[in-house]
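Residue numbering restarts at 1 for every chain, and letters A, B, ... go by the order of the sequence lines.
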2 protein chains.
Amino acid sequence: MNRNLRATAQRKLIVEELRKLNSHPTANEIYEIVRAKLPKISLGTVYRNLEILSESGLIQKLEMAGSQRRFDGTVEDHFHVKCISCERVSDAELPFLKEILDSIEGVNDYKIMQRRLEFSGLCPKCRNKNGEMEQPEVSGWERHEAG
Amino acid sequence: MNRNLRATAQRKLIVEELRKLNSHPTANEIYEIVRAKLPKISLGTVYRNLEILSESGLIQKLEMAGSQRRFDGTVEDHFHVKCISCERVSDAELPFLKEILDSIEGVNDYKIMQRRLEFSGLCPKCRNKNGEMEQPEVSGWERHEAG
DNA sequence: TTCCTTAATAGTAACTATTATCATTTATAA
DNA sequence: TTATAAATGATAATAGTTACTATTAAGGAA
Ligand SMILES: [Mn+2]
Ligand SMILES: [Mn+2]
Ligand SMILES: [Zn+2]
Ligand SMILES: [Zn+2]
């Protein structure tokens with residue numbers, strides 16, 4: 001059931017630009033990039049095409065935890081690491097883990113269809129700047145309430 | 001550095017109700033639940049407290065991929081499965097995997113601080129209803145463009 | 001107890017990412 | 001060509017969440 005996509009200039013440019021990058025841009029970042037070559041393109045068009053293109057399997061949509069949606073010109077399923085400081089997202093190639101996860105077909109009577117593994121931490125550039133991170137602490141009333 | 005939380009009726013009720021559940025409610029679902037006992041509570045108060053309580057380590061905030069934030073009365077780190085049909089979220093106890101993931105301390109020069117593993121698929125209740133799911137297909141222009 | 005300080009609340013406005021609407025344009029196949 | 005329907009640009013709407021602010025109320029000190 002072919003969706004019969006039309007090869008519009010906007011659509012071709014979005015795929016082309018996204019595939020040049022090894023970053024994982026948001027819809028808005030892609031909008032800014034394609035706007036350089038197609039100044040009249042609208043943000044809605046970018047969103048609509050990113051959705052259609054990922055549904056069609058031509059690009060990949062990344063739903064990262066707790067942050068905005070990102071897109072990936074690489075279609076093969078792989079893992080990602082996100083820097084908690086600068087939000088940068090990089091690929092994490094872990095074929096060993098990929099194999100283990102793919103072998104899990106059921107959990108708690110669920111039929112597993114997708115497995116998402118996402119790391120977060122500090123990227124090489126942010127590692128130095130951020131010396132320490134504070135730990136959460138349990139307050140007085142709760143310590144008693146819970147005990 | 002204790003945040004010196006005050007034991008307000010609203011705050012205590014939110015923790016109490018959340019801990020009764022083994023579901024993973026959204027902020028709005030928690031709002032509806034606590035409203036039964038504290039009708040004047042505001043949605044903003046629920047959001048504010050869920051944030052504070054999770055920062056303090058008294059509850060857990062779940063940032064699920066591509067869907068709204070959920071909360072967990074269980075504080076211990078564990079995995080989740082989400083039904084792609086009814087959105088239900090269940091715990092996935094996989095101590096074997098947890099150990100493997102925790103042993104990964106670095107990827108691509110990132111210092112890993114958090115590991116999130118999330119499954120999605122069909123829950124036992126939805127397994128029967130949803131017979132088949134359609135596959136995405138590559139359209140004509142892209143097949144040539146890519147080749 | 002009563003009083004004081006300041007955290008927390010209710011109510012509401014604002015914000016951000018994303019989706020929907022719709023009149024106009026344009027790719028494509030006949 | 002021309003007809004058709006997909007796609008666009010502009011803009012409005014929506015959803016989830018956060019910010020603001022006057023008022024209330026924990027909880028420690030007197
Ligand atoms: Mn990637
Ligand atoms: Mn859980
Ligand atoms: Zn960084
Ligand atoms: Zn279900």
Regarding Arg69(B), tell me which of base, sugar-phosphate or nothing describes its non-hydrogen contacts under 4.0 Å with the strands shown.
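Sugar-phosphate: the residue Arg69(B), judged by heavy atoms under 4.0 Å, touches backbone atoms but no base.
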
Just how far, in rounded Å, is [atom2] of [N] from [atom1] of [X]?
X: Asn4(B); N: dA25(D); atom1: CG; atom2: C1'; answer: 15 Å
X: Arg70(A); N: dA17(C); atom1: CZ; atom2: P; answer: 11 Å
X: Lys12(A); N: dA7(D); atom1: NZ; atom2: P; answer: 13 Å
X: Ile14(B); N: dA10(C); atom1: CD1; atom2: C1'; answer: 13 Å
X: Glu55(B); N: dA8(C); atom1: CD; atom2: P; answer: 12 Å
X: Tyr47(B); N: dC20(D); atom1: OH; atom2: P; answer: 18 Å
X: Gln68(B); N: dT19(C); atom1: CD; atom2: P; answer: 14 Å
X: Glu51(A); N: dA6(D); atom1: CD; atom2: P; answer: 18 Å

Before giving the answer on side chain to side chain contact (heavy atoms under 4.5 Å, CB included), spell out for Arg69(A) and Glu63(A) the whole-Å C-alpha distance, their side-chain angles and the decisive distance to 0.1 Å.
CA-CA 5 Å; Arg69(A) 188 173 301 168; Glu63(A) 310 271 22; 3.5 Å; yes

Give the angle between the helix axes at the two ends of the helix from dT1(C)-dA30(D) to dA30(C)-dT1(D), taking five base pairs at each end and rounding to 10°.
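For the helix from dT1(C)-dA30(D) to dA30(C)-dT1(D), the axes at opposite ends meet at about 30°.
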
With nearest nucleotides of DNA chain D determined for Gln10(A) and Ala9(B) from heavy-atom distances, which residue corresponds to the more 5′ nucleotide?
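It is Gln10(A), whose closest nucleotide lies nearer the 5' terminus.
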
Could you go step by step and tell me if Asp102(B) and Arg115(B) meet the side chain to side chain contact (heavy atoms under 4.5 Å, CB included) rule?
CA-CA 7 Å; Asp102(B) 285 345; Arg115(B) 301 127 190 106; 3.6 Å; yes

With under 30° as parallel and over 60° as perpendicular, where do the rings of His24(A) and His78(A) fit, or are they tilted in between?
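Geometry flag for His78(A) against His24(A): tilted rings.
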
Tell me which nucleotide among dA8(C), dT28(C), dA7(D) gets nearest to the side chain of Thr8(B).
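Between dA8(C), dT28(C), dA7(D), the one nearest the side chain of Thr8(B) would be dA8(C).
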
Within residues 21-45 of chain A, residues whose heavy atoms come under 4.0 Å of DNA chain C
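The answer is none.
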
Distance, nearest 0.5 Å, that separates CZ of Arg11(A) from CG of Leu50(A):
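The CG atom of Leu50(A) is 10.5 Å from CZ of Arg11(A), to the nearest 0.5 Å.
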
Separation of Thr45(A) OG1 from Leu38(A) CG (nearest 0.5 Å):
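Those atoms lie 9.5 Å apart.
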
So, OP1 or OP2 of dA7(D): does either fall under 4.0 Å of a side-chain N or O from Arg48(A)?
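No, because none of the side-chain N or O atoms of Arg48(A) sits under 4.0 Å from OP1 or OP2 of dA7(D).
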
Just by modelled atom types, is the Ile33(B) backbone N or O under 3.5 Å from a matching donor or acceptor in the Glu17(B) side chain?
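Not a single qualifying donor-acceptor pair exists.
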
Please check this pair: side chain of Asp91(A) against backbone of Glu93(A), looking for a donor-acceptor N/O pair closer than 3.5 Å.
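It does not hold such a pair.
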
So for Arg6(A) and dA6(D), does any side-chain atom that can act as donor or acceptor lie under 3.5 Å from a complementary atom in the base?
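Such a pair exists between side chain and base.
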
Where do Leu94(A) and Phe119(A) land on the side chain to side chain contact (heavy atoms under 4.5 Å, CB included) test, with the steps shown first?
CA-CA 12 Å; Leu94(A) 296 161; Phe119(A) 297 93; 3.5 Å; yes

I need the full list of salt bridge (Lys or Arg N to Asp or Glu O under 4.0 Å) pairs touching residues 79-89 of chain A, with sequence neighbours left out, sorted by first then second residue.
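Every candidate salt bridge (Lys or Arg N to Asp or Glu O under 4.0 Å) pair involving residues 79-89 of chain A fails, so no pair, neighbours aside, qualifies.
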
